[in-house]
Amino acid sequence: QVQVVESGGDSVQAGGSLRLSCAASGPAYWRYCMYWFRQAPGKERERVASIGADDTTDYADSVKDRFTVARDNDKNTVFLQMNNLKPGDTAVYYCAADPSNRVLSVKSCLSRRPTYWGQGTQVTVSS
């Protein structure tokens, strides 16, 4: 069983920055595909950023050049640095993990479904 716990959500003004953290327990974390999703009220869940075990990354068009995903395998943690936040970024942000027995690139991770999910952390951006 893998536990996923997010933290770092807060309320900020437009143009501000936040860094979300996600700690994932479990063996061989360094082989996990890791993902950040978000869901705003009344909207479908959206995949925001993903990172493969080889540190390759992928982003939704809506956050490219503003968000950065990175992982620290020594701490079993993945981060989402969010800059130039906009009111449209307001949502509950979820971290998800997909354990693998191989080192996968983000391209391969995108074809898989996350297995373990965190409880979510609220990000609110005011204008």
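Below, all heavy atoms of this structure are taken into account, side chains as well, without hydrogens, waters or symmetry copies. In this text, all values refer to a predicted model and were calculated from it rather than measured experimentally.
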**Student:** Is Lys107 salt-bridged to Asp58, cutoff N-O under 4.0 Å?
**Tutor:** no
**Student:** Tell me the closest heavy-atom pair linking Val4 and Ala97, and the distance in Å.
**Tutor:** CG2-CB, 4.0 Å
**Student:** For the side chain of Arg38 and the backbone of Ala91, is there at least one donor-acceptor N/O pair under 3.5 Å apart?
**Tutor:** no
**Student:** Do Ser50 and Thr57 have side-chain heavy atoms sitting under 4.5 Å apart?
**Tutor:**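 Contact flag for Ser50/Thr57 side chains = no.
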**Student:** Looking only at the aromatic ring of each residue, does the gap between the centers of Trp117 and Phe37 stay below 6.0 angstrom?
**Tutor:**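 Aromatic pair counts; centres sit under 6.0 Å.
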**Student:** Tell me, do Thr115 and Pro99 make a side-chain contact under 4.5 Å, heavy atoms counted?
**Tutor:** yes
**Student:** Using modelled atom types only, decide if a donor and an acceptor are shared between the side chain of Tyr35 and the backbone of Cys109 within a distance under 3.5 Å.
**Tutor:**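 Side chain of Tyr35 to backbone of Cys109, a donor-acceptor pair under 3.5 Å: yes, one is there.
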**Student:** So, for Gln122 and Val92, which heavy atoms are closest and what is the spacing to 0.1 Å?
**Tutor:**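 Gln122 and Val92 have their closest heavy atoms at OE1-CG2, 3.2 Å.
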**Student:** Should Ser25 and Asn76 count as side-chain neighbours, where that means a heavy-atom distance under 4.5 Å?
**Tutor:** no
**Student:** Would you say the side chain of Phe67 lies within less than 4.5 Å of the side chain of Val48, judging by non-hydrogen atoms?
**Tutor:** yes
**Student:** Please determine whether residues Val78 and Val63 belong to a single hydrophobic cluster, defined as Ile, Leu, Val, Met, Phe, Trp and Tyr linked transitively by side-chain heavy-atom distances below 4.5 Å.
**Tutor:** yes
**Student:** Atom CD of residue position Gln3 - does it have more than 12 heavy atoms of other residues, nucleotides or ligands inside 6.0 Å?
**Tutor:**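 At most 12 heavy atoms, drawn from other residues, nucleotides or ligands, come within 6.0 Å of this atom.
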**Student:** Within the structure provided, determine whether Leu18 and Gln81 are in side-chain contact (heavy-atom separation under 4.5 Å).
**Tutor:** no
**Student:** When rounded to the nearest 0.5 angstrom, what is the spacing between OH in Tyr93 and CE in Met82?
**Tutor:**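 So the gap between those two atoms works out to 5.0 Å.
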**Student:** Backbone N or O of Pro27 within a donor-acceptor pair of the Arg31 side chain at under 3.5 Å?
**Tutor:**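 A pair under 3.5 Å: no.
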**Student:** Looking only at side chains, do Asn83 and Ser17 share a donor and an acceptor under 3.5 Å apart?
**Tutor:**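 Asn83 vs Ser17: donor-acceptor pair found between side chains.
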**Student:** If we ignore hydrogens and angles and just use 3.5 Å, is the side chain of Glu6 paired with the main-chain N or O of Gly120 as donor and acceptor?
**Tutor:**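 Confirmed, Glu6 side chain pairs with Gly120 backbone.
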**Student:** For residues Ala24 and Val2, report the shortest heavy-atom separation together with the two atoms involved.
**Tutor:** CB-CG1, 4.5 Å
**Student:** State, with a plain yes or no, whether a side-chain heavy atom of Arg71 is found less than 4.5 Å away from one of Asp55.
**Tutor:** yes
**Student:** Quick one: does Ser62's side chain get under 4.5 Å of Glu46's, heavy atoms only?
**Tutor:** yes
**Student:** Is it possible for you to say whether Val125 and Tyr59 belong to one hydrophobic cluster, with membership spreading through side-chain heavy-atom contacts below 4.5 Å?
**Tutor:** yes
**Student:** Would Gln13 and Ser127 count as having a side-chain donor-acceptor pair, cut-off 3.5 Å?
**Tutor:** no
**Student:** Does Arg112 reach the main-chain N or O of Cys33 with its side chain, forming a donor-acceptor pair under 3.5 Å?
**Tutor:** no
**Student:** Of Leu80, Thr68, Thr56, Val69, which meets side chain to side chain contact (heavy atoms under 4.5 Å, CB included) against Ile51?
**Tutor:** Val69
**Student:** How far apart are the C-alpha atoms of Tyr116 and Asp98, what are their side-chain angles, what is the distance that settles it, and do they pass the side chain to side chain contact (heavy atoms under 4.5 Å, CB included) test?
**Tutor:** CA-CA 7 Å; Tyr116 300 98; Asp98 176 30; over 6 Å; no
**Student:** If we only count heavy atoms from C-beta on, is the Arg47 to Trp36 side-chain gap below 4.5 Å?
**Tutor:** no
**Student:** Tyr29 side chain to Thr77 main-chain N or O, any donor-acceptor pair under 3.5 Å?
**Tutor:** yes
**Student:** When rounded to the nearest 0.5 angstrom, what is the spacing between CZ in Phe79 and CG in Leu20?
**Tutor:** 11.0 Å
**Student:** Is any side-chain N of the basic residue among Asp89 and Lys86 closer than 4.0 Å to the acidic one's carboxylate O?
**Tutor:**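 Salt bridge absent between Asp89 and Lys86.
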